[in-house]
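To start, the structure under review is shown below, and the notes come after it.
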Amino acid sequence: MTARTTRSHRTLALVAMLVAAACGGRNGGSSGGGAGSDVLALMNARGLSEQDVTAALKTYTPTGKHDEYYTFASGGHGGNVIVIGVPSMRILKYIGVFTPEPWQGFGYGDDSNAIVAQGFRGGKEITWADTHHPALSETGGEYDGRYLFINDKCNPRVAVIDLHDFVTKQIVGSELIASEHGATFVTPDTDYVIETSQYPAPLGGAYAPIEEYDSKYRGAMIFWRFDKQKGRIVPAESFAIELPPYMQDLADCGKKGSDGWVFCNSINTERAYGGILEGKPPLESGATQNDMDYLHCINWRAAEAVAKAGKTETIAGMRVIRLQTALDENLLAFVPEPKSPHGVDVTPNGKFIVVSGKLDTHVSVYSFEKIMDAIKSGRFESKDPYGIPVIGMKDALHTQVQLGLGPLHTQFDAKECVAYTSLYVDSMVAKWNFCEGKLLDKLAIHYNIGHLMTMEGDTTKPKGKYLVALNKLSIDRFNPVGPLHPQNHQLIDISNDKMQLLYDMPLPLGEPHNAQMVKADKIKPIEVYKPIGLNPYTNEVDPHATTTGKERIERTAEGVHVYMTSVRSHFSPDIVRVKEGDRVFLHVTNVEQAKDATHGLAIGGQNINVSLEPGKHVNIEFVADKAGVFPFYCTEFCSALHLEMAGYLLVEPK
Ligand code: K7E
Ligand code: CUA
């Protein structure tokens, strides 16, 4: 028997088994023909291996079937969030966050414009973002499925998305810092959303010559207070801690026994700032001289008390615990971490802190207990140039494991002590045991992995089963689309000892950086807005909402108010007469409650395009500054007479 026929026989048996299982045994025993041989023919025709077929069977989700998990992935430069079903890897939605999103009608003329405008900085319109790290809200260290946060690395901002309708409700930002990266990370009960600066600058947006980097430039960690009841960040109750001018990178909050602490890795403790044309080494070589950088251990619970006691200084509207105060109050200690690290992840049991050294082949596993011991007994090895106590490496380390080249981020399995770390340079995922410090398995992935995620893999209760590798710039992987390549999410089965690659999913928006994956049954979105006239941004019936029969046009001193309803298949009023130069207020209530009765309202020449989900109310304001005839129409194919769902805005010349 040749190898080829052996394979065919095995495959045929496998397929027959699968078909038999799928058909409840009705085709059992028909391994010589029928459906089994059809599948085999299909496999041969498409050149699929047995592995391909098992991978397909593990991911294929037939029509009408829902996915087991939701992934919330950052949209990178798209400034949005991508919602993906797992294991099918089907994209379910783009959520507009910092960037207007036309399908959601987000940022095109209604109340959502005010949300996008919350993200403007210093009066500058900013409508893009470099989103990096989405974070689901937690209760008791587990995802509660209620809110999602995401950051903008370029213009330090944090957004709040309410998962009851998948809409961005708030954007906050502080000019205390000039850039960030270590965001968003939540405390185990989502009391705070953490945002940490990356590239040091004078606090509050002031100018200082770069030669005064050491004395005038600073980092900071912002603790945005989150009100879970209201679902909003409360800037007035938020505070920050000043940090030395290292490049603070990512952070993770302690959990269980280590709750109350937050850990943040850093790079460039050399405090290099480039200057290539000025005869200095480029930033990246200046920043990689030291063998060790500093893991920042911050007692946020104590910091909260210090802020409440008023031991702060207000800079750019933010209460800031100055570095000296942080030292006096013992809020901060350092642990050495090798070398230009990236990523810090607290284990599900809260006992260990895993740091990857980008330029080191190891992951370092620190013991929270040892760190606390050293702090409590004042056992420090040295101080950094800013007087911050540094714990000795050996006094903090639990173990180090050699995993491979360019370790970055770590996520955890449902199996105790099992972790997965991305290896950027090797383009691999390493599976290892953080208790015993042992490498277990390695899987080659496509190319340049950054973050990875497992099911609820950064909570106190990871769910195992799947891992997604978030790979950057997918060379040669998909049909070519020009010099800018899509990114690639790769789905991996981690339910067995050996990892198995299942699926490649191109993402065409921007480097997706990080994602979080949550059990689908934890997300319980509404299907329609109730009661009719609800404004999603106030979560109350809008004072301008109207009902069928009450539609009207009122001229007031401030302009023309139009109280409009939408229902299949007309807007009422459908003729709106105004005068050139009038300010127009369109108050539109979709009075329907059927799940599929979403309308849209678009007006030519005005950059107005809103989405009217069932029950929703929107307020649109614009100046009719040009005389003319402007048709408006519904943008969702809502009924057989959808094309007829239209009207006229008549702007009479002055
Ligand atoms: Cu791309 Cu988390 Cu911003 Cu690592 S970060 S890869
Ligand atoms: Cu309403 Cu189309």
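Hydrogens, waters and symmetry mates are skipped; everything else that's a heavy atom, side chains included, is used. On a predicted model such as this, the values are computed, not experimentally measured, just so you know.
Lys461 and Glu456 are not joined by a salt bridge, as no carboxylate oxygen comes within less than 4.0 angstrom of a charged side-chain nitrogen. Classification of Glu180 and Lys153 as a salt-bridged pair fails, no side-chain N sitting under 4.0 Å from a carboxylate O. Using a cutoff of 4.0 Å between basic side-chain nitrogens and carboxylate oxygens, Glu68 and Lys465 are scored as salt-bridged. Classification of Lys255 and Asp252 as a salt-bridged pair holds, one side-chain N sitting under 4.0 Å from a carboxylate O. Taking the charged nitrogens against the carboxylate oxygens, Asp259 and Arg301 do have a contact shorter than 4.0 Å, which makes a salt bridge. Here Asp152 pairs with Arg157 in a salt bridge; the nearest charged N to carboxylate O distance falls below 4.0 Å. With salt bridges taken as basic N to acidic carboxylate O contacts below 4.0 Å, none links Lys228 and Asp191.
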ask   = How far apart are the C-alpha atoms of Asp493 and Lys58, what are their side-chain angles, what is the distance that settles it, and do they pass the salt bridge (charged side-chain N to carboxylate O under 4.0 Å, His left out) test?
value = CA-CA 9 Å; Asp493 180 355; Lys58 284 178 182 180; 2.6 Å; yes
message = Quick one, Val354 with Val344, criterion side-chain contact (heavy atoms from CB on, under 4.5 Å). Give me CA distance, side-chain angles, the key distance, then yes/no.
response = CA-CA 6 Å; Val354 179; Val344 49; over 6 Å; no
query = How far apart are the C-alpha atoms of Ile523 and Phe166, what are their side-chain angles, what is the distance that settles it, and do they pass the side-chain contact (heavy atoms from CB on, under 4.5 Å) test?
reply = CA-CA 10 Å; Ile523 307 287; Phe166 284 54; 3.7 Å; yes
inquiry  = As a quick check of understanding, evaluate ring pair (Phe, Tyr, Trp, His ring centres under 6.0 Å) for Tyr192 and Trp300, giving each step before the final call.
reply    = CA-CA 10 Å; Tyr192 291 98; Trp300 69 259; 5.6 Å; yes
request  = Go through the steps to decide whether Tyr294 and Tyr246 satisfy the test ring pair (Phe, Tyr, Trp, His ring centres under 6.0 Å), and finish with yes or no.
outcome  = CA-CA 9 Å; Tyr294 295 127; Tyr246 310 140; 5.8 Å; yes
message = What verdict does the salt bridge (charged side-chain N to carboxylate O under 4.0 Å, His left out) test give for Asp521 and Lys519, after you've listed the backbone C-alpha separation in whole Å, the side-chain angles of each residue and the deciding distance to 0.1 Å?
response = CA-CA 6 Å; Asp521 59 17; Lys519 198 108 191 342; 3.7 Å; yes
request  = Test Leu163 against Leu136 for side-chain contact (heavy atoms from CB on, under 4.5 Å), laying out the working first.
outcome  = CA-CA 9 Å; Leu163 294 177; Leu136 286 154; 3.6 Å; yes
task = Apply side-chain contact (heavy atoms from CB on, under 4.5 Å) to the pair Thr410 and Trp432, showing each step before the final yes or no.
result = CA-CA 10 Å; Thr410 299; Trp432 57 288; 4.2 Å; yes
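Residue Val528 comes nearest to Pro614 through the heavy atom pair CG1-CB, 3.7 Å, listed as atom of the first residue, atom of the second, then distance. Nearest approach of Leu491 to Pro87, heavy atoms of both residues: CD2-O, 3.4 Å. Here the closest heavy-atom approach between residue Arg218 and residue Leu243 is recorded as CD-O, 3.3 Å. The two residues Gly96 and Thr168 have their closest heavy-atom pair at O-OG1, 2.6 Å. Nearest heavy-atom pair across Leu467 and Ala469 is CD2-N, 3.9 Å.
Annotation: cation-pi geometry not satisfied between Arg232 and Phe226 (NZ/CZ under 6.0 angstrom from ring centroid, within 45° of ring axis). Geometric assessment of Lys522 against the ring of Tyr143 yields a negative cation-pi assignment under the 6.0 Å and 45° thresholds.
Between Tyr366 and His398, the ring centre distance reaches or exceeds 6.0 Å. His409 has its ring centre less than 6.0 Å from the ring centre of His451. When ring centroids are compared, His296 and Phe334 come within the 6.0 Å threshold. Taking the centre of each ring, Phe352 and Phe368 stay at or above the 6.0 Å mark.
Within 6.0 Å of atom NZ in Lys351, 12 or fewer heavy atoms from other residues, nucleotides or ligands are found, so the atom counts as exposed in its surroundings. Counted within 6.0 Å of CD on Gln593, heavy atoms from surrounding residues, nucleotides or ligands total more than 12; the atom is thus considered enclosed.
Listed for the Asp67 side chain is no donor-acceptor partner under 3.5 Å among the backbone atoms of Tyr69. Thr314 places no side-chain N or O within donor-acceptor distance of the main-chain N or O of Gly317, the cut-off being under 3.5 Å. Under the 3.5 Å distance criterion, the side-chain polar atoms of Lys442 are matched with a main-chain donor or acceptor of Leu403. Looking only at distances, no side-chain donor or acceptor of Ser356 sits under 3.5 Å from a matching main-chain atom of Gly343. Under a 3.5 Å cut-off, the side chain of Lys415 and the backbone N or O of Gly464 do not form any donor-acceptor pair. Checking side-chain atoms of Thr190 against main-chain N and O of Val186 turns up no donor-acceptor pair under 3.5 Å. Remark: side-chain polar atoms of Asp227 are not paired, donor with acceptor, to backbone N or O of Gly231 under 3.5 angstrom. Under the 3.5 Å distance criterion, the side-chain polar atoms of Lys358 are left unmatched by any main-chain donor or acceptor of Pro338. Looking at Asn265, its side chain does come within 3.5 Å of a backbone N or O of Pro341 through a donor-acceptor pair. Under the 3.5 Å distance criterion, the side-chain polar atoms of Thr454 are matched with a main-chain donor or acceptor of Phe412.
Side-chain atoms of Asn471 and Gln487 include no donor-acceptor pair closer than 3.5 Å. Side-chain atoms of Asp345 and Gln411 form no donor-acceptor pair, as typed in the model, at a separation below 3.5 Å. Side-chain polar atoms of Glu613 and Ser611 form a donor-acceptor pair below 3.5 angstrom. Counting only N and O atoms by type, the side chains of His132 and Asn151 include no donor and acceptor under 3.5 Å apart. Inspection of the Asp189 and Thr139 side chains reveals no N or O donor paired with an N or O acceptor under 3.5 Å. Checked by atom type, the side-chain pair Asn496/Gln500 shows no donor-acceptor distance below 3.5 Å. Under the 3.5 Å distance criterion, with hydrogens and angles disregarded, no donor-acceptor pair is assigned to the side chains of Asp249 and Ser266.
Side chains of Lys169 and Pro536 form a contact here, defined as non-hydrogen atoms less than 4.5 Å apart. In this structure, the side chains of Val401 and His362 stay at 4.5 Å or more apart for every pair of heavy atoms. Side-chain contact between Asn349 and Phe434 is present, with heavy atoms from C-beta onward closer than 4.5 Å. Looking at heavy atoms from C-beta onward, Thr196 lies out of side-chain contact with Leu250 at the 4.5 angstrom threshold. A heavy-atom distance below 4.5 Å is found between the side chains of Met318 and Trp224. Within the 4.5 Å cutoff, the side chain of Phe106 has no heavy atoms near those of the Asn80 side chain. Between Leu440 and Lys438 the shortest side-chain heavy-atom distance falls below 4.5 Å. With contacts defined as side-chain heavy-atom distances shorter than 4.5 Å, the pair Ser179/Cys154 does not qualify.
Considering CD1 of Ile298 and CZ of Phe263, their distance stands at 9.5 Å, rounded to 0.5 Å. In this structure, the separation between CD on Glu329 and CG on Asn299 is 10.5 Å, given to the nearest 0.5 Å. Here Ile161 contributes atom CD1 and Ile95 contributes atom CD1; the two are 5.0 Å apart, rounded to the nearest 0.5 Å. One finds the OG1 atom of Thr71 at 10.5 Å from the CD1 atom of Ile82 (value rounded to the nearest 0.5 Å).
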